[in-house]
Amino acid sequence: MLFNSYTFLFLFLPVTLLVFFRLGQYSRSLAGLWMLGASLFFYAWWNPAYVALLLASILFNYAVGRALAREHSRGRLGIKRAILAFGISADLGLLAYFKYANFFVSSASAWMGNAWHVDPIVLPLGISFFTFTQIAFLVDACRGEVKESNFIHYGLFVTYFPHLIAGPVLHHKEMMPQFARSSTYRMHWENFSVGLTLFAFGLFKKVVLADGISPYANAVFAAASQGRLLTFPEAWGGALAYTFQLYFDFSGYTDMALGMSCLIGVKLPINFNSPYKAVNIIDFWRRWHMTLSRFLRDYLYFPLGGNRRGPVRRYFNLMATMLLGGLWHGAGWTFVLWGGLHGMYLVVNHAWHGLRAYMGYPAGRPSRMGRMAGTMTTFLAVVIAWVCFRAPNLHTAQGMIASMVGLNGITLPGRALFKWGLADAMEKLGIHFGPATLFYGLEHIWLWIAALWALAWFAPNSQQIMAAYQPTLEQGAFNRWLRWSPNGFWLTVVVVILLYAVTRMEKVSEFLYFQF
């Protein structure tokens with residue numbers, strides 16, 4: 001079931017909330033059990049067969065977590081480590097089978113010239129998210145950090161429908177205490193106002209902005225995958241279109257998840273914080289898919305040694321973490337390349353900081369011009385990497401990037417705009433002037449790109465607008481000029497954008513992160 005569908009919006013969500021709060025007046029256990037059942041029904045809507053897999057994973061990890069908690073209290077370190085290794089191995093084995101079996105077999109077959117084959121395996125929705133969520137639970141149970149053992153709360157922590165399919169990646173210590181609070185089971189009109197506003201913001205971002213620009217990105221990448229030699233403007237137009245499609249698609253999902261959880265009275269962690277405003281790639285990963293970055297840092301980068309064993313080992317750990325992070329997003333060499341590029345970006349960024357410190361430059365806030373240059377450089381690096389992320393294969397990614405860097409020639413419009421002989425000098429460098437043609441259907445792509453670029457760079461994000469009412473676990477930064485409050489003006493804004501978004505839901509499309 002999709003958040004941006006009529007079935008979800010007008011049937012599943014209102015019925016789930018109504019019954020939850022009615023049951024909550026009499027029994028928190030019954031209300032929690034209802035929400036657990038509703039979350040499983042939400043998951044079963046896609047494929048009922050995989051509900052058994054999800055339940056088996058929950059039961060297995062709950063049992064392993066309880067065993068780890070007992071062994072921690074008894075102080076038997078060896079047995080505890082063996083149980084942890086068993087639990088994590090089983091989780092990763094399940095993920096590897098469903099997500100990577102086809103990829104590994106096809107890659108090995110291609111390298112070794114064999115005809116190995118496995119039947120296509122359907123990837124269960126959200127398996128990466130509920131697997132990582134439970135691995136974090138097992139590690140924390142081994143450390144003695146799990147304080148609650150209520151099975152209904154654990155099941156809700158894993159299956160909670162606002163986060164189940166595409167995140168955020170949750171920690172038990174963030175969620176299970178909230179499910180234990182009596183206030184969670186009573187409806188609060190302030191929570192309802194905040195939640196509906198965030199949901200409206202997210203739905204508008206998804207069905208109007210992300211889905212609005214998606215045909216342009218799809219057309220360019222489809223042409224490139226079919227072997228068409230793209231022009232310079234076509235390649236950049238497609239790359240930027242996908243860059244903003246993914247941005248507003250994921251931002252929209254995040255807002256909708258936060259909003260639905262606020263309706264229930266449960267706060268989720270911030271997972272998206274204007275990443276295209278980042279001044280460097282380190283800053284980007286503190287803003288994009290923040291809970292995944294936190295998981296990779298705490299449960300992979302730090303156990304590998306982090307930055308505690310010298311710069312060379314630090315750079316190796318960064319590369320290993322990002323390569324595995326890329327592979328987490330998808331079973332394909334394009335995702336490995338994407339992760340490798342971001343690993344290389346991070347190594348360069350950390351090395352640059354180390355060089356500046358070695359040369360005695362202060363580590364304070366850069367100048368305005370420095371921030372602008374850093375933001376633009378970071379954005380361009382991210383766009384290049386997104387091409388690999390989106391391309392169906394390495395050949396398509398290579399062709400797109402070749403066109404973007406001008407290897408297939410550069411033709412720009414507006415020769416008269418370049419004065420004082422600059423146009424002549426540019427022509428000597430191989431840059432030509434003329435109609436920068438786009439194939440049919442892309443006439444308005446640059447209008448979309450300009451509008452979405454302005455929103456991503458200059459507009460406040462949802463958490464900043466709503467910061468006074470703290471819709472997330474963390475306190476967001478306040479915006480100076482646009483702040484939400486429950487008044488007539490904002491009610492009108494929310495109703496208008498919600499109604500307009502609903503009229504654009506005739507073509508239901510999945511969120512891009514559903515495939516990961």
Side-chain angles (χ1 to χ4, degrees), residues 12-43 51 54-55 57-66 68-69 126 129-141 144-192 194-195 198-199 254 256-271 291 294-295 469-474:
F12 175 84
L13 185 59
V15 170
T16 298
L17 293 176
L18 178 62
V19 176
F20 175 73
F21 288 121
R22 289 292 291 174
L23 289 176
Q25 295 175 357
Y26 305 103
S27 170
R28 285 184 290 171
S29 295
L30 281 178
L33 192 60
W34 164 260
M35 186 61 69
L36 175 58
S39 296
L40 291 172
F41 178 82
F42 172 83
Y43 189 79
V51 174
L54 176 59
L55 284 173
S57 176
I58 291 170
L59 291 169
F60 171 79
N61 282 281
Y62 178 77
V64 173
R66 296 300 302 148
L68 286 169
F129 290 96
F130 70 70
T131 300
F132 274 27
T133 293
Q134 295 189 102
I135 287 176
F137 171 77
L138 295 184
V139 174
D140 290 347
E145 297 175 5
V146 174
K147 305 300 181 184
E148 186 183 355
S149 59
N150 186 303
F151 178 74
I152 294 177
H153 294 168
Y154 178 78
L156 267 178
F157 152 66
V158 178
T159 65
Y160 188 49
F161 73 88
H163 98 100
L164 177 60
I165 306 299
V169 180
L170 300 178
H171 274 166
H172 67 92
K173 61 186 176 184
E174 296 170 333
M175 302 304 296
M176 291 171 71
Q178 294 191 76
F179 294 132
R181 289 201 301 256
S182 59
S183 60
T184 300
Y185 300 87
R186 296 193 300 269
M187 194 178 86
H188 300 275
W189 286 109
E190 181 179 295
N191 290 343
F192 199 84
V194 172
L198 276 171
F199 187 87
T254 301
M256 294 171 78
L258 290 173
M260 283 183 291
S261 199
C262 281
L263 293 174
I264 298 167
V266 174
K267 293 182 179 181
L268 298 178
I270 295 177
N271 203 34
T291 57
R294 176 183 66 180
F295 179 91
Y469 292 84
Q470 195 175 344
T472 60
L473 285 171
E474 305 87 355

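Predicted, not measured: the structure shown is a model, and the values here were computed from it.
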(message) For T184, is there any backbone N or O sitting under 3.5 Å from a side-chain donor or acceptor partner on R28?
(response) no

(request) Write down the atom of I264, the atom of L17, and the distance for their closest heavy-atom approach. (result) CG1-CD2, 3.5 Å

(request) Kindly say whether L473 contributes a backbone atom to a donor-acceptor pair with the side chain of E174 at under 3.5 angstrom? (result) no

(message) Has S261 got a side-chain atom pairing as donor or acceptor with A257's backbone, closer than 3.5 angstrom?
(response) no

(message) Can you tell me how far apart CZ (F130) and CD1 (I165) are? Round to the nearest 0.5 Å.
(response) 9.0 Å

(request) Verify, without hydrogens or angle tests, whether Y26 (side chain) and A31 (backbone) share a donor-acceptor contact under 3.5 angstrom. (result) no

(request) Indicate yes or no: at least one non-hydrogen side-chain atom of T133 is less than 4.5 angstrom from one of F137. (result) no

(message) With rounding to the nearest 0.5 angstrom, report the CE to CG distance, M260 to L13.
(response) 7.0 Å

(message) Less than 6.0 angstrom separating the ring centers of F157 and F179, yes or no?
(response) no

(message) I need the minimum non-hydrogen distance between G155 and I58, along with the two atoms involved.
(response) CA-CG2, 4.4 Å

(request) Given side chain to side chain contact (heavy atoms under 4.5 Å, CB included), test Y160 with L268 step by step and report yes or no. (result) CA-CA 11 Å; Y160 188 49; L268 298 178; 4.0 Å; yes

(message) Show the nearest heavy-atom pair for residues N191 and G265, with the distance to one decimal.
(response) ND2-CA, 3.9 Å

(message) So, taking the atom named CZ in F42 and the one named OG1 in T159, what distance separates them when rounded to the nearest 0.5 Å?
(response) 11.0 Å

(request) Evaluate the side-chain proximity of H171 to R294: yes if any heavy-atom separation is below 4.5 Å, no if none is. (result) yes

(request) Working to the nearest 0.5 Å, report the span between CZ of R22 and CH2 of W34. (result) 13.5 Å

(message) Please find the pair of heavy atoms, one from C262 and one from G195, that lie closest to each other, and give the distance.
(response) CB-CA, 3.6 Å

(request) Starting at CZ of F295, measure out to CZ of F132 and round the result to the nearest 0.5 Å. (result) 5.0 Å

(request) Supply the atom-to-atom distance I270 CD1 to T472 OG1, rounded to the nearest 0.5 angstrom. (result) 3.5 Å

(message) Does any part of the side chain of P471, heavy atoms only, come nearer than 4.5 Å to the side chain of V194, both counted from C-beta?
(response) yes

(message) Restricting to non-hydrogen atoms, name the atom on L258 and the atom on P269 that form the minimum distance, rounded to 0.1 Å.
(response) CD2-O, 4.0 Å

(request) For the pair K267 (side chain) and Q470 (backbone), establish whether a donor and an acceptor sit closer than 3.5 Å, ignoring hydrogens and angles. (result) yes

(message) Testing the basics here: between N150 and Y62, what is the closest heavy-atom pair and its distance to 0.1 Å?
(response) C-OH, 4.4 Å

(message) For L170, is there any backbone N or O sitting under 3.5 Å from a side-chain donor or acceptor partner on T291?
(response) no

(request) Determine, stepwise, if the pair V169 / F129 fulfils side chain to side chain contact (heavy atoms under 4.5 Å, CB included). (result) CA-CA 6 Å; V169 180; F129 290 96; 3.8 Å; yes

(message) Looking at H188 and L263, would you say the former's side chain and the latter's main chain have a donor-acceptor pair under 3.5 Å?
(response) no

(request) List the steps, then state whether side chain to side chain contact (heavy atoms under 4.5 Å, CB included) holds for V158 with Q134. (result) CA-CA 7 Å; V158 178; Q134 295 189 102; 3.8 Å; yes

(message) Under 6.0 Å between ring centres: does that hold for Y43 and F161?
(response) no

